[in-house]
Structure formats: C-alpha cells, structure tokens
2 protein chains.
Amino acid sequence: MIYSIGQLSKLAQCKIPTIRYYEEIGILDKATRSTGNQRQYTQAHCERLNLICHSRALGFSLKEIKQLIKLQNGQFDSGQKSHSIVQSHLTDVRNKIAKLKELELQLLTLVEQCHQSETSDCLCVSALK
Amino acid sequence: MIYSIGQLSKLAQCKIPTIRYYEEIGILDKATRSTGNQRQYTQAHCERLNLICHSRALGFSLKEIKQLIKLQNGQFDSGQKSHSIVQSHLTDVRNKIAKLKELELQLLTLVEQCHQSETSDCLCVSALK
DNA sequence: CTTGAACCTCTAGTTACTAGAGCTTGTAGA
DNA sequence: TCTACAAGCTCTAGTAACTAGAGGTTCAAG
C-alpha cells in the first residue's frame, strides 16, 4: 500500500507542508520517490505520522516525540537513562490527564453558566445529553 | 498580595520573557507599575497565568485559550455561539484525554520492553511500584 | 556609597509550522 | 495525441510562540 503525500495528509489529518517539514527534520523517515520525483509513503509512515501529530496536539515538543520514537523502536540507551526518560514521560502524561480532567470540569461549569445566562437561547444542556 | 515578575515566574512556573510576551499580546492583563516602572502583579494575574501555562502545555493555542478566558469571564456571545465554542473545547478535551490514556498504555508497554531488554540494569518495573 | 540581583525595553534568533511563487508530473477527457 | 486541471515539487519568506542577549535602570543589602 503506497500513499502520495496528499493521501497521507488526509489519512493522518496533517497538512502537506507539515509532512515535508517533518521529513526534512528527520522525525519522519524519508519517503522513496516515484520516477516523477513524487514521494511514496507506506503504512508505517502513516502510523508514525499519526503518533507525531497526536503527540503534538497534546503539547509534546518534537524533541520529546523523537525520544519516544527512539524508545518505541527498541533503541534503548543504558537502562538507567531509558528508565528515567520513560518515567519522565509517564509522569508528564499523568499530569496532563489530571489537568485535562480539571479543564473538563471547568468547561462543564461553563455549560451551566451558559445555561443560566441565556436560558431561552442556549441549547447547551440538552445538546450535551 | 503583590508579586514582582520574578515571583510570579516562580509561582506559575513560567519564564519571565514569556510573561512579558503574554502581557504584550493581551492574554494576560497589564500589570500596574511601581514608581521604578517595575510590574506589580496580583493573585488574579497568578491564577490567569496558571490557566494559560497549563493550557499551553496541553496543546491549546493562545487563540483557543483566549476564547476560554472570555467565557470564564462571563462574556458570552449569542447562546448558540458560546455553546458551540464550549462544546468544541469539551470535545477536544475528551479527545486529548483518550489519546493520553493510549499514550500511557504505550509507555507502560515500553516499561515492559525496557525491563526485558536489560533485565539486570533496568530498574523500571520496581521503580513504578 | 557600592555592589550585585532583579528589573526594564528592544532586537534578533529559535522552534514549529504555514503560505505562496513558479515550476513539473499525472490523469482524465476530447 | 493534445489540453486542462489537479496534485506534486523546491524554495523563499512569513506567522505563531516563544527565547536569548545587549545595554541600561532600579532595588536591596552590606
């Protein structure tokens, strides 16, 4: 299964120039090229790109994402170093989850406020059920 | 309770130039100034800054954060518009939570792999208990 | 008063995209 | 085969969000 950059863009919900950028900086493996010099991506590229984009949307830097990719590829440094990297990411993830749950509660509070401020016009509460 | 920019920086875990940047673009209210022209921040500033920094760390853009702040200040547009903004953010938050939980699982898998690849040197498993 | 830390503004650089110009390739239809 | 349009290419430069450093001022402690 071979994808053009446009197809990959749609699959991974990631803009074409961004994909080129990721390839240029090395976080996404270089694509092979057709005889017309067009990029040819594989399913593995697609999965990698999904990981990158989701992690970016969650606030991880590209540097952090690179670390994760290395670890997922089984490229472990010394046990202690990999351990501290994984541990650090895990702590970060759990902090983000906690913070997002707080934010969720705040947004639900806003729903209530929105309902109270414009009872006749606001469909917030019914829409959330 | 009045804070200098350095104090606020420590409280909110946010760099001084970033605080200045946020004030300049208007996402953080302007501080009053001392007779020596130094910024004087309040507890309210501190709470606002916490919201901004946490939201940034979670991958929200400053534009999105501005929207949230407006809503929290009770500045509602028409009911339909505020509803769709809140709904959109709530959906985003829930998606991020789901994605983070996936990532957490992946990291826990990495813990196992790390353990298997370097059993004698790796303290991952015991450290997580 | 002196000294060093913390503050100020301003300029410019870094990271992470994003847009557009000008060109080539691929594909569908006539 | 030709034409037209969509999708691809590289390159330059701009935007968003910080970040660093220069050169100066203010503050606080000794």
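Each chain gets a letter, A, B and so on, in the order its sequence line appears, and its residues count up from 1.
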Counting only N and O atoms by type, is there a donor-acceptor contact under 3.5 Å from the side chain of B:Arg48 to the main-chain atoms of B:Ile27? yes
Let me know the distance between CZ of A:Arg33 and P of D:dG8, rounded to the nearest Å. 12 Å
Could you state the atom-to-atom distance from CD of B:Gln40 to C1' of C:dC7 in whole Å? 12 Å
Using modelled atom types only, decide if a donor and an acceptor are shared between the side chain of B:Ser9 and the backbone of B:Ile5 within a distance under 3.5 Å. no
When you measure from the centre of the six-membered ring of B:Phe60, is the NZ or CZ of B:Lys66 closer than 6.0 Å and no more than 45° off the axis? no
Nearest-Å distance, NZ (A:Lys30) to P (D:dC9)? 12 Å
Any side-chain heavy atom of A:Thr42 sitting closer than 4.5 Å to one from A:Tyr3? no
Please tell me if A:Arg39 has a side-chain N or O lying less than 4.0 Å from either OP1 or OP2 of D:dC9. yes
So which protein nitrogen or oxygen atoms get under 3.5 Å of nucleotides 26-29 of chain C's nitrogens or oxygens?
none

Of the residues in residues 5-25 of chain B, which ones touch DNA chain C at a heavy-atom distance under 4.0 Å? B:Ile5, B:Gly6, B:Ile16, B:Arg20
B:Arg33 and B:Gln38, any side-chain heavy atoms less than 4.5 Å apart: no
Quick check: does any side chain N or O of B:Glu47 sit under 3.5 Å from a backbone N or O of B:Ala44, one acting as donor and the other as acceptor? no
Rounded distance (Å) that lies between atom P of C:dC17 and atom CD1 of A:Ile52: 10 Å
d(CD1, B:Ile65; P, D:dA16) in whole Å: 15 Å
Taking B:Lys99 for the side chain and A:His54 for the main chain, is one N or O donor matched with an acceptor at less than 3.5 Å? no
Could you tell me how far apart A:Phe60 (CZ) and C:dA16 (P) are, to the nearest whole angstrom? 14 Å
Between B:His45 (side chain) and B:Tyr41 (backbone), is there a donor-acceptor pair under 3.5 Å? no
Calculate the interatomic distance between A:Leu62 atom CG and D:dA17 atom C1'; express it in whole Å. 14 Å
Would you say B:Ser4 places a side-chain N or O within less than 4.0 Å of OP1 or OP2 belonging to C:dC7? yes
Donor-acceptor pair, side chain of B:Thr91 and main chain of B:Gln87, under 3.5 angstrom: yes
